[in-house]
Participant: 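The following block contains the structure, expressed as structure tokens.
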Amino acid sequence: MSELTVKEESNEKKSLNFIEASIENDLKEGKNGGRVHTRFPPEPNGYLHIGHAKAICIDFGMAEQYGGKCNLRFDDTNPAKEDVEYVDSIMEDIHWLGFDWEDRLYYTSDYFQQLYDFAKDLIRKRLAYVDFQTAEEISKQKGTPTQAGEVSPYYEKYSVEENLDLFERMNKGEFEEGTCVLRARIDMTSPNMHMRDPIIYRIIKHPHHRTGDKWNVYPMYDFAHGQSDYFEGITHSICTLEFEVHRPLYDWFIDQLKDSDYRPRQIEFNRLNLTYTVMSKRKLLQLVQEGLVNGWDDPRMPTICGLRRRGYTPASVRSFINKIGYTKFDGIIDVSLLEHSIREDLNKTATRVSAVIDPVKLVITNYPEGQTEMMSMPNNPEDENSGSHDMPFTKELYIEREDFMENPPKKFFRMTPGQEVRLKGAYIVKCTGCGKDENGNVTEIYCEYDPMTKSGMPESNRKVKGTLHWVSADHAVDAEVRLYDRLFIAEDLNEEKDKDFRDLMNPDSLKVLKNCKVEPFLADAKPMDRFQFTRLGYFCVDKDAKDGALIFNRTVSLKDSWSKEKAKN
RNA sequence: UGUCUCAUGGUGUAACGGUAACACAGCAGAUUUUGGUUCUGUCGUUCGGGGUUCGAAUCCCUGUGAGACAACCA
């Protein structure tokens, strides 16, 4: 489907965002030999979400736009938290979005030796020292944002040779986790906390998913990221705003490392927040682990795999990212913009089919018993080349229960006694009444059809207020339909600081309908196939579906002006 | 009583010293064999106070508000 249409939306004229402006400025000044080389650096400790999609689009997008390259680099400096499980899913998600790193797949662990050697250089230059204090002591000495830190008693305790020896012994495993660390020697009085002799190496005796038990010391993020950029020849290291305070440290290490004019530069943009959902890895993990959702790819999750299973197309996600822009303002995007993006895409591409999700029987009392007519239904009125498919029409049909009202409010244009409606693609019928059970529930609806109003006949052009979708009771196929709604009831979860986000979950975020009737054309639909259920919304076949057991996920409903009208009364 | 960053309609984003605009959302109407789509119209915006300038959303000062930073996480 539209997975392959990657570059179609890039040709529209747009003003430059601040990242593009700054890259173009670097280019104009001839920095780094006119190269643009970016990287996407996920930590393999969770699944990618739509916020990462934003990062992926800018990282790969800038490279593409300026004739450069973008590396994929797994930032695997903490073996205690990371796992190969995540590596594969991350690569799958990037590819699904339509981006490719070609042969440039790297791991920060590829540079462990270089980083280790660089750390020893710093020791030799007296710019790093081994500190045997506890985490609490170090933290206490670090001061607070408003109060300077104090110099560590280990600052000058050992000679260069002793520090070198100690660091090597740390790596040999002679010390237990937490007994000592290697710190860069910068400035304990710096107003920037990150410059107060940051820890650059700590002992972790947990096997690494790629290097096994080769190392007992692992570099911290700040000591790995910028240097890895440098080793790979990255020119623009684009990341989110919370790393802004780290930039002086990023630059400090690069200064110690560089031996030419080349230098990578960190640029920070605003992270994506969406209304009615959470975006932090920690909270997403919690939802999964506590069984509050059905896994990382639960269609209610803002994960890439969740959106995929929900029925979002890569093109729609990219178009959404394209609309929200990159700035330094920390705002929150209305999910309705995401929904608009997928409707916009699917309206052009999804085949229209008939499905009744809350069926009630409609009997056409004057239609011949046992007769079946095949009605031709256009696959997509938005696309003349999309063709059509046939749908059987019989005396007994199913229609939506909510499309009938015995005593309707004003502006109800659907089935009600005495009123004519059109059965889409078939005949105009007039409702004559309904049958009820002993509790007064409608069990059947009766109508008469006008044989002269079959679609295509001149009389079918008669003005009728309402058009209903239907399926033949004799031919309908059973299906399960899963209706999804927003996961949370609060618009901005960040505003609800005093509440646990789990208490703000929407109890109706998933409704499973088991007794749905779909047209026979759908009988052999396959997982991930996308459709528009006429008048209802966009749906895709869930991966749990099997032959003979159809399951559909609602991606998004159609816009519904009737429900708004109804709400007014 | 620190450092850094940010502040434009309800939500985002543009305008780069010269008429404040675009998208989404909302509202109203037209078209429609989907109460969908499409089309038209409409509502509504520069955080406050000073200054520079013929002219300020934009530059300067100041105030206010918001976010980030005190993990041996990334």
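A note on names: the letters A, B, ... follow the listed sequences, proteins ahead of strands, and every chain is numbered from 1. These numbers come from the heavy atoms of this one structure, side chains and all, not from hydrogens, waters or symmetry mates. Just so we're clear, the structure is a prediction, and the values are computed from it rather than from any experiment.
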Participant: Counting any heavy atom closer than 4.0 Å, what does A:T327 reach on the DNA or RNA strands: base, sugar-phosphate only, or nothing?
Facilitator: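 If one applies the 4.0 Å heavy-atom cut-off, A:T327 turns out to touch the sugar-phosphate alone, with no base involved.
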Participant: Is A:E244 touching bases, backbone alone, or none of the nucleic acid, heavy atoms closer than 4.0 Å?
Facilitator: sugar-phosphate
Participant: Got a second to check how far A:R414's CZ is from A:I399's CD1, nearest 0.5 Å?
Facilitator: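 Interatomic distance, A:R414 CZ to A:I399 CD1, rounded to 0.5 Å: 10.0 Å.
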Participant: Do the charged groups of A:K140 and A:E150 touch, with an N to O distance under 4.0 Å?
Facilitator: no
Participant: Please list, in numerical order, the residues of residues 42-54 of chain A that have a heavy atom closer than 4.0 Å to any atom of RNA chain B.
Facilitator: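 Heavy-atom contacts with RNA chain B come from A:E43.
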Participant: Which part of the nucleic acid does A:L558 contact within heavy-atom distance under 4.0 Å: base, sugar-phosphate only, or nothing?
Facilitator: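 Base contact.
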Participant: So A:L536, base contact, sugar-phosphate only, or nothing? Heavy-atom distance under 4.0 Å.
Facilitator: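 Nothing: the residue A:L536, judged by heavy atoms under 4.0 Å, touches no strand.
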Participant: State which residues pass side-chain hydrogen bond (donor to acceptor under 3.5 Å, both in side chains) with A:H209; sequence neighbours excluded, sorted by chain then number.
Facilitator: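 Here no residue qualifies.
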Participant: Could you tell me whether the side chains of A:Q266 and A:H246 share a donor-acceptor contact shorter than 3.5 Å?
Facilitator: no
Participant: Mind calculating the distance between NE2 (A:H469) and P (B:U33) to the nearest angstrom?
Facilitator: 18 Å
Participant: Mind checking if A:H225 touches a base, just sugar-phosphate, or nothing, with heavy atoms under 4.0 Å?
Facilitator: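 It contacts nothing in the nucleic acid.
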Participant: Look at all strands and tell whether A:S460 reaches a base, only sugar-phosphate, or nothing, counting heavy atoms closer than 4.0 Å.
Facilitator: base
Participant: If you measure only the distance, is there a donor-acceptor pair under 3.5 Å linking the side chains of A:T453 and A:R422?
Facilitator: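 Side chains of A:T453 and A:R422: no pair found under 3.5 Å.
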Participant: Nearest of B:A14, B:U34, B:U13 to any side-chain atom of A:F329?
Facilitator: B:U13
Participant: Which part of the nucleic acid, if any, lies within contact of A:Y218, taking any heavy atom under 4.0 Å across all strands shown: a base, the sugar-phosphate backbone alone, or nothing?
Facilitator: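 A:Y218: no heavy atom of the nucleic acid under 4.0 Å.
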Participant: Which of these nucleotides, B:U34, B:C69, B:A74, is closest to any side-chain atom of A:Q532?
Facilitator: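 Looking only at heavy atoms from C-beta outward on A:Q532, the closest nucleotide is B:U34.
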Participant: Looking for any heavy atom pair under 4.0 Å, which part of the strands does A:F413 touch: base, sugar-phosphate only, or nothing?
Facilitator: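 Here A:F413 touches the bases of the nucleic acid.
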Participant: Select base, sugar-phosphate, or nothing to describe what A:F320 touches, counting heavy atoms under 4.0 Å on all strands.
Facilitator: nothing
Participant: Touch check for A:T467, heavy atoms < 4.0 angstrom, all strands: base, sugar-phosphate only, or nothing?
Facilitator: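 Sugar-phosphate: the residue A:T467, judged by heavy atoms under 4.0 Å, touches backbone atoms but no base.
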Participant: Closer than 4.0 Å, any side-chain N/O of A:S139 to the OP1 or OP2 of B:A71?
Facilitator: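 A:S139 to B:A71 OP1/OP2: side-chain N or O found under 4.0 Å.
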Participant: Give A:D222 one of three labels, base, sugar-phosphate or nothing, depending on what nucleic acid heavy atoms sit under 4.0 Å from its own.
Facilitator: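 Contact class for A:D222: none.
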Participant: Would you please confirm or rule out a distance under 4.0 Å between OP1 or OP2 of B:G67 and any side-chain N or O of A:K497?
Facilitator: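 Affirmative; the distance criterion is met.
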Participant: Flag this pair as yes if the NZ/CZ of A:R73 is under 6.0 angstrom from the six-membered ring centre of A:Y106 and inside a 45 degree cone about the axis; otherwise no.
Facilitator: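 No, A:R73 and A:Y106 do not form such a contact.
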Participant: Is it true that the side chains of A:S152 and A:Q133 contain a donor and an acceptor less than 3.5 Å apart?
Facilitator: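 Yes, side-chain donor-acceptor contact under 3.5 Å.
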Participant: Starting at the 5' end of RNA chain B, write a dot or bracket for each base, bracketing those in Watson-Crick or G-U wobble pairs whose two distances are under 3.5 Å and using | for partners on another strand.
Facilitator: .((((((..((((....[..)))).(((((.......)))))....(((((..]....))))))))))).....
Participant: Among the nucleotides B:U13, B:A74, B:U3, which one has an atom lying closest to any side-chain atom of A:N270?
Facilitator: B:U13
Participant: Please work out if A:K140 contacts a base, only the sugar-phosphate, or nothing of the nucleic acid, heavy-atom cut-off 4.0 Å.
Facilitator: nothing
Participant: Reckon A:P41 touches a base, only the sugar-phosphate, or nothing at all at heavy-atom distances under 4.0 Å?
Facilitator: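 Nothing, no nucleic acid heavy atom in range.
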Participant: When you check the side-chain N and O atoms of A:Y129 and A:D197, is any donor under 3.5 Å from an acceptor?
Facilitator: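 Checked: A:Y129/A:D197 side chains pair up, N/O donor to acceptor below 3.5 Å.
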Participant: If you compare every side-chain N and O of A:S15 against the phosphate oxygens of B:C16 (OP1, OP2), does one of them come in below 4.0 Å?
Facilitator: no
Participant: Counting only heavy atoms not in A:R185, do more than 12 sit closer than 6.0 Å to its CZ atom?
Facilitator: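 Correct, the count exceeds 12.
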Participant: Could you run down the sub-3.5 Å N/O contacts of the protein with nucleotides 23-29 of chain B?
Facilitator:
from	atom 1	to	atom 2	distance (Å)
B:C24	OP1	A:H340	NE2	3.4
B:C24	O2'	A:S336	OG	3.3
B:G26	OP1	A:K564	NZ	2.8
B:A28	OP1	A:K568	NZ	3.4

Participant: Can you list everything that forms a salt bridge (charged side-chain N to carboxylate O under 4.0 Å, His left out) with A:E136? Sequence neighbours excluded, please.
Facilitator: none
Participant: Among B:A68, B:A74, B:G2, which nucleotide has an atom closest to any side-chain atom of A:V245?
Facilitator: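 Selected nucleotide (nearest to the side chain): B:A68.
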Participant: Given B:G36, B:G35, B:C69, which nucleotide is nearest the side-chain atoms of A:F412?
Facilitator: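 The answer is B:G35.
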Participant: Give a yes/no on whether any side-chain N or O of A:K328 is located under 4.0 angstrom from OP1 or OP2 of B:G67.
Facilitator: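 Result: no.
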Participant: Test the A:K328-A:F269 pair against the cation-pi criterion, namely NZ or CZ under 6.0 angstrom from the six-membered ring centroid and within 45° of the ring axis.
Facilitator: no
Participant: Does A:Q133 or A:G425 map to a spot on RNA chain B nearer the 5' end, using the closest nucleotide for each?
Facilitator: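 Here A:G425 is the residue nearer the 5' end.
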Participant: Hey, does A:E177 reach any base, or is it just sugar-phosphate, or nothing, if we go heavy atoms under 4.0 Å?
Facilitator: nothing
Participant: Tell me, which of residues 192-206 of chain A have any heavy atom that sits under 4.0 Å from an atom in RNA chain B?
Facilitator: A:M193, A:H194, A:I199, A:R202
Participant: Knowing that exactly one of A:I342, A:L274, A:D345 qualifies, which makes a side-chain contact (heavy atoms from CB on, under 4.5 Å) with A:F320?
Facilitator: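 Passing option: A:L274.
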